[in-house]
Amino acid sequence: MIWDHGKETMARGDIVRLQLERLRTTLGRVAIHVPFYRNRFKDLGFDPSTFESIDTLRELPFTTKQDLRDNYPYGMFAVPLREVVRIHSSSGTTGMATVVGYTRRDVEVWSNLVARILTSAGVGAEDVIQIAFGYGLFTGGFGLHYGAEKLGASVIPISAGNTRRQIQIMQDFKTTALVCTPSYALKMADVMMDVGVNPSGLSLKYGLFGAEPWSEKMREEISDRLGIIATDNYGLSEVMGPGVAGECQECNGLHVNEDHFLFEILNPDTLEPVKPGDVGELVITTLTKEAFPVIRYRTRDLTRQILEPCPCGRTFARIQRIMGRSDDMLIIKGVNVFPTQIESVLFDIEGTQPHYNLIVERENNEDKVTVLVEVVESIFFDQMKKQRTMVDTIKKRLASELGVGVNVKLVEERSLERYNGKSSRVIDKREL
Ligand code: DLL
């Protein structure tokens, strides 16, 4: 099923034409209504009414999180507050939060885009969707909620936390689709085991997970343990929230809603486009947002475009799952490492649990990483020799996969923190 067949299967030429038309309108609107953009355009001598080709966008400057902070709270809004019907805020995990607004039409578009993502993940009007994202300033709860209602599904707005109750409700209300962060899904699987609930006795069929980076191995783990099709969906508050991109049931990359967002993938150092298919930073321009349009917003998220057409029939370009944020990248002896790469290796080693922390310290101007990984009881309480063999195995596998060595420490099952929302597995002890 495709939610918006007319749009989601458009021919490339039509997509580009629509993008150009919408881009021209957006540039014109921000030039009139947002002093930040008006001044920038003036300094550049750029007149949006002469905008003829999408390539020209590259001549415009980026919008960064700092720009949004400098204009806190409402300086980047393109409409008066009278027209704003909703306000959300980014999670502020990397500093001061930013504030975003939506007009009634923005909320309508948002709901439709999330309905697309739910549909592409296999969910329909007959489904019972348990939304275990936080409701509040975070866009996850309300974003998915409005999309699920638009779809006509039965929505359980349970929000995050109180895991035993989540499981009880899942049983009683016969939830068919679970929506939360991947780390929370894993926690639910653990708690199900604790309380003796067998996931195969539940009605769950689908899991839509997002809001944080996760690996392919983690997808396998969640799918196997909960017996569901687990799909990835991506978004960010500054651009809209969830609904920017989502996977179809091919589970091989996320379709970007290209009729509403123009994406570029750039080399984060040179800020030039990468070669098609190469990894780079995602930069997004909104094409239809009324209250909070952004031009060339630097997401800091790293991904690559998947160039092959998707068998599902959707023509919107696909991006690979987000590897991580450029700010989360560790540089160990000059080698770039993402936490999700470490996760993939750990998930593959028998005896480890899919729970880990990375402690990052700085020694002689280099990052030093210690991986704390939970191991099953039988290993943790076993003789030293077995433990040492396990540490060696993990170290070797990590070294061969990452191309650089890290320290490894085994910890007892269930000793590391579990997360209801976005996980924070990196414990940064560097004084930068
Ligand atoms: O996390 C929006 C969202 C809610 C997306 C629910 C999907 C589902 P923020 O709190 O502003 O918004 O955080 C945005 O989270 O720049 C990425 O670094 C990360 N992120 C979001 N989705 C994914 C994903 C929401 N599927 C930031 N994979 C983004 C990896 C993700 N990282």
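Counting starts at 1 for both ligands and their atoms, in listed order.
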Contact (N/O only, under 3.5 Å) between [X] and ligand 1:
{"X": "Glu212", "answer": "yes"}
{"X": "Gly210", "answer": "no"}
{"X": "Asp232", "answer": "yes"}

[X] heavy atoms, cut-off 4.0 Å: which ligand 1 atoms fall inside?
{"X": "Arg325", "value": "16 (O), 18 (O)"}
{"X": "Asn233", "value": "7 (C), 8 (C), 22 (N), 24 (C), 26 (N)"}
{"X": "Gly140", "value": "4 (C), 6 (C)"}
{"X": "Phe133", "value": "6 (C), 8 (C)"}

Measure from atom 18 (O) of ligand 1 to every heavy atom in Ile131, Thr139, Asp301 and give the option owning the shortest one. Asp301
Run the salt bridge (Lys or Arg N to Asp or Glu O under 4.0 Å) check on Lys429 and Glu361 step by step: do they pass? CA-CA 5 Å; Lys429 295 190 170 170; Glu361 288 155 306; 5.0 Å; no
If the condition is salt bridge (charged side-chain N to carboxylate O under 4.0 Å, His left out), which residues does Asp232 pass it with, not counting sequence neighbours? Arg321
Pair Thr286, Tyr297: side-chain N/O donor-acceptor within cut-off below 3.5 Å: no
Pairing donors with acceptors under 3.5 angstrom, does anything connect the side chains of Asn162 and Gln166? no
I need the contact type for Arg300 against ligand 1. Using non-hydrogen atoms and a strict under-4.0 Å cut-off, is it side chain, backbone, both or neither? neither
Between Leu254 and ligand 1, which part of the residue brings a heavy atom under 4.0 Å of the ligand: side chain, backbone, both or neither? neither
List the steps, then state whether salt bridge (Lys or Arg N to Asp or Glu O under 4.0 Å) holds for Arg425 with Glu343. CA-CA 10 Å; Arg425 294 196 174 93; Glu343 178 180 292; 3.6 Å; yes
Selection residues 265-282 - residue pairs positive for side chain to side chain donor-acceptor pair (under 3.5 Å), sequence neighbours left out: Glu281-Arg298
In plain terms, say whether Arg300 and Asp327 are close enough for a salt bridge, that is, a side-chain N and a carboxylate O under 4.0 Å apart. no
